[in-house]
Amino acid sequence: MVFSVIGDSDSFVPKPWPKTVFQTALIEAAKSGGETWILYRGQEKGVSKFVREAYQSYGDMEFGNNNTREKIGVNDTNRHIKLIGIAREGAFRTENLTDPYFEINGEDNDSFLLDFEKYVSEQDVSFFSQKMDIKMPVPIAIIVCEGDIETIAHIAAALENKLPVILMKGSGKAADLVFDFIENEEQLRKKASVLFGIRFDDKKYSELKTQLKIIKENKDLVGVFDLYQDDPLMLSNIVGEAVVSCWSMENILQRDINDSEMPNTQNLRPKTAFPHSQTNGTTIKGSSLAWKLLRRNSVNPEKKVIDQILGGFKLESRPYVLNPKYSTPTSLPLYFYFGYQILQESNLMEDCGPVLLLEALKANRCDYVRVLLDQGVNFDPKNLPELYEQTVSCKDCKFKKEDCLHMQWILKQIEENHAKKVCHKYRSKVLKMNKKKKEDQQKYLADKVEELHNPVAKSAKGLCRKILRYKEFTKNNNPTEDESIDENISNILLWALFANRKELAEIYWLRGKNHLLTGLVCSAILKKLSKKANNVKEQILASDLEEHSKLFEKRCLDIMDRMYEENTKQAIDLMDTEADIWGIHSSPLTFAYENFMYDVVAHTCSQKNMNRQWYNNLAPDLKPFLKSAVTKPGKFFTAPLTKYVFNYMMFFTMLVMYSAFVLTSISTKYYVQDIARVFEYYVYFWGAGDFIEELISCFGCLEARGRSHRSYYSRMKRYLYDFWNIVDLLSYALLISALFVRHFFIDETFTISRRMFALSLLVMYMRFLEVFLIHRKLGPTLIMIKEMLKDLLGFLFIALFVVLGVGIYYHANLWPDHQTIWSGDWTNWRIWTIIYYPYWQLYAELNLEHLDGSDQSDCTNVTSVWESDTSINRCPQQDWTVQAVAAIYLLFSNLLLVNLVIAMFSFTFERVQENSEKLWRFERYTVINDYDWRIPSPINLVFLPYRFFCCPTRDGCCLHKCRGMCCKNTVEEEKKNKDDNEAYQMNFQKITALKIHNKI
């Protein structure tokens, strides 16, 4: 691409304009154009200065300290933009420009630049690759900024030569005058005087009007970029449209389509590959620009040739990534525009399209990706390593030596071996291939490089599972052709997540299957990556990934809303339908719960599914549910609600017995005919059964759909995240400790065991509060208490250091040089005295009589006495500074710290109250999910062998096998209905997702 920037002139009318927008737009358009020249007049001031500064900024941002002639010269392959100054000999020189640049000595008038532009436009360039003999005119665009009357003449002459012109609207003078004339020529005289600030005679005005009329006649070749309204990225689109518009004119290529020199079109077109197609009776084949270029070069576009044409850019350089918001089919580079035309002309879209699809994915050209997929083009899996290498991995960073803090480094922190295969393996193989002889390169490419796609795909999935901490779920059956296509789509979707390509991720998500579960998995991956990026202080990347994560979650919620409206039963059933996504086996509701997606779990579809599970498919109302105890006793007694109520009835019975035992019979002398012995051992049996149920809940041994295929570490971490589980474990630990102390460390009074049993009982009563968690009103209150406890722990951490500091000051001055800090029994350590006074002062217990040293009772000043017996207190000394520090401490603690924790509680209350329904529904699922398989203690001890050996909740248990043998036809019919239902659900999701995407 060649840009010729004109408009250097003296100004008699001062007009400021956004020069930074112009500079940014120029460089971004040049970067998107591939190998680009920027022609300019090379003058000291005016537009030339702005162009020079833009080029300098490009070099500094692109190459940093290497932006010099010696390091990154004009012929370096990494420098894709060349600045060419055209000025007369002896004119202003740009020696102070550190960027490498060219300079051409020309004449001191505008005609030389115009002739040079025409000469450049008439030259041919190898478009697709230097190795291919596919020539085309050099694409050139003239960019007009400011300018004078000579600039207008230049524009008119350029348009007569069929060269496209881009006006920088808002830069003033000639650019604005031309635009205003094209829009409304009636006010020419007034506008010309205002914009130029000069006096026009009749001759000058007549010449100006004539030139402007020429421009208006060719206005189809004029593009306009508004410096005040348009985004800088839009210049690429405007330039591309103008260039294509020029080339579409028949006389541009007429010198290349000479029947006396070129073969007939019918002879060039293969009979099998190029049948005439009719659209409304008009033949359109052979009329595209790409077809004219092929005719011009006498190229027969067979499949092998087109593969070489479209593969011309592979391995040469990384593509410029264009924002899809501003891309159009004619956006630079024009590689996609002509490549697509060639494929359409040759009817080889499906066979040769994967190369163009690869380039479109790398360049983020969503428009071409959509069209190619609609045309039946599938991504070639062999290109997956190249796709990762040129988009996810860092261009200039070595994998092991540097920490670039970008996506490659974040993936490396997650799992280094997988990240190395995904980001670096392909690059190292290509470097090795390039060192080999040319005759060996093709064999090495087929044997080593092209076989990387399977390890790369597996490593990407491994990274996905590692991020979410899931075990791999493997299938034994060989994939069908349709499953291979779905696998291909899912691989590109996963790449789009790691590359953070939002639009491409949406495109491939819509074309996949299991949209709801896939969308939830995508959201969870992006959320985890966002947290990883935030940990390394990459806030921009973190916020972008978080935004992408919320997009996927919103899409899933929209699908659930629409599906619930259209088919409520299927929407509810879908929440429990299991599927396999990148080796992660789960159902939407389970996955959302495990990854703390509160909105999804609180959705109506999820809650309806929970109700069905909670009531075991019985009527979700108390009276009909109780009546089913007679009509449907099997379902009633196995319903989670029934087990929940019965469990807490047994729990309450245990608390009554435990309380009676602790209050009366900790020692070996039991009361009332040894009835307390029954109480004690019932507590032990209940605790053993309940502890077994908690272990099953933690490790997910027996549940059918509770914890998916997560690793044991992840299950334990998820279990310990729940506050009530921590309380459960604490109660077990205290009960076991009390049991051992009572029976293995026997003393006369049983004081320690009594304390342990009483503390264990206290925690048991705290555990019983969990029964109210399922209640709609009391549940949110318990959630508030739990959240406020977190605030309180944070406050205590701060208060601890304040209390220690003040307490040490008190002790050091009231009891100076006290050297028996850790002497005697642990209950008499002086650390308790240090903490005692400042801690109780938090609650307004001042103890001033001790702090001023006036209380000398029940203490001694004899050093030998208090040193030898730590139970005897030492008398405090009087020190006025202690009271002064106490005054400041009381002011700080009572007015600041205490009110701070109250403010924290208020904030937590408002936050929980605002989301109380959502949080309660999430906690409710925890209870329902647990009691789906849980059996109340201690009855569970009776069924424990049966549950472990038969595993009735699992599909492969012995009961299911026996049923399959005895009722074979029934089981096969159920399986067929299940498969049909899942197929319908997948289609239902796809239709719903497409409707939402198209806003139907």
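What you see below is based on every heavy atom in this structure, not just the backbone, and it leaves out hydrogens, waters and symmetry mates. Keep in mind the model is a prediction, meaning the values are calculated, not measured.
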Worksheet item: Would K995 and D558 count as a salt bridge (charged side-chain N to carboxylate O under 4.0 Å, His left out) if you check the C-alpha gap in whole Å, the side-chain angles of each, and the deciding distance to 0.1 Å?
Response: CA-CA 11 Å; K995 283 183 177 180; D558 291 340; over 6 Å; no

Worksheet item: Passes side-chain contact (heavy atoms from CB on, under 4.5 Å), K420 versus K412? Steps please.
Response: CA-CA 7 Å; K420 184 176 181 181; K412 178 184 173 184; over 6 Å; no

Practice prompt. I would like to know whether K502 and E547 meet salt bridge (charged side-chain N to carboxylate O under 4.0 Å, His left out); could you show each step before the answer?
Written response: CA-CA 10 Å; K502 298 178 184 178; E547 181 185 350; 3.4 Å; yes

Discussion item. Show, in sequence, the C-alpha distance, side-chain angles and deciding distance for R511 and L373, and conclude whether the side-chain contact (heavy atoms from CB on, under 4.5 Å) test is met.
Written reply: CA-CA 9 Å; R511 293 180 179 273; L373 292 175; 3.3 Å; yes

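Of the possible polar contacts, none joining the E472 side chain to the G583 backbone as a donor-acceptor pair under 3.5 Å is found. Remark: side-chain polar atoms of H418 are not paired, donor with acceptor, to backbone N or O of A460 under 3.5 angstrom. Although no hydrogens or angles enter the test, the distance criterion places no donor-acceptor pair under 3.5 Å between the side chain of R370 and the main chain of I507. Checked by atom type and distance alone, the side chain of S543 pairs as donor or acceptor with a backbone atom of I540 at under 3.5 Å. A side-chain donor-acceptor contact under 3.5 Å links K990 to the backbone of L510. Under the 3.5 Å distance criterion, the side-chain polar atoms of T518 are matched with a main-chain donor or acceptor of K513. Using a distance-only test at 3.5 Å, with no hydrogens or angles considered, a donor-acceptor pair links the side chain of T391 to the main chain of L387. Looking only at distances, no side-chain donor or acceptor of N491 sits under 3.5 Å from a matching main-chain atom of A457. Of the possible donor and acceptor atoms, none in the side chain of W582 sits under 3.5 Å from a partner among the backbone N and O of R465. Remark: the backbone N or O of H515 is paired with a side-chain donor or acceptor of Q989 at under 3.5 angstrom.
Residues P164 and V239 form no side-chain contact, since every pair of their non-hydrogen atoms from C-beta on lies 4.5 Å or further apart.
Ring to ring, Y470 and F591 are close: their centroids are under 6.0 angstrom apart.
Looking only at atom types and distance, the side chain of N500 has a donor-acceptor partner in the side chain of D544 under 3.5 Å away.
Taking the ring centre of Y368 as origin, the terminal cationic atom of R365 falls outside the region bounded by 6.0 Å and 45° from the ring axis.
Remark: E546 pairs with K550 by the salt bridge (Lys or Arg N to Asp or Glu O under 4.0 Å) rule, at least two apart or across chains.
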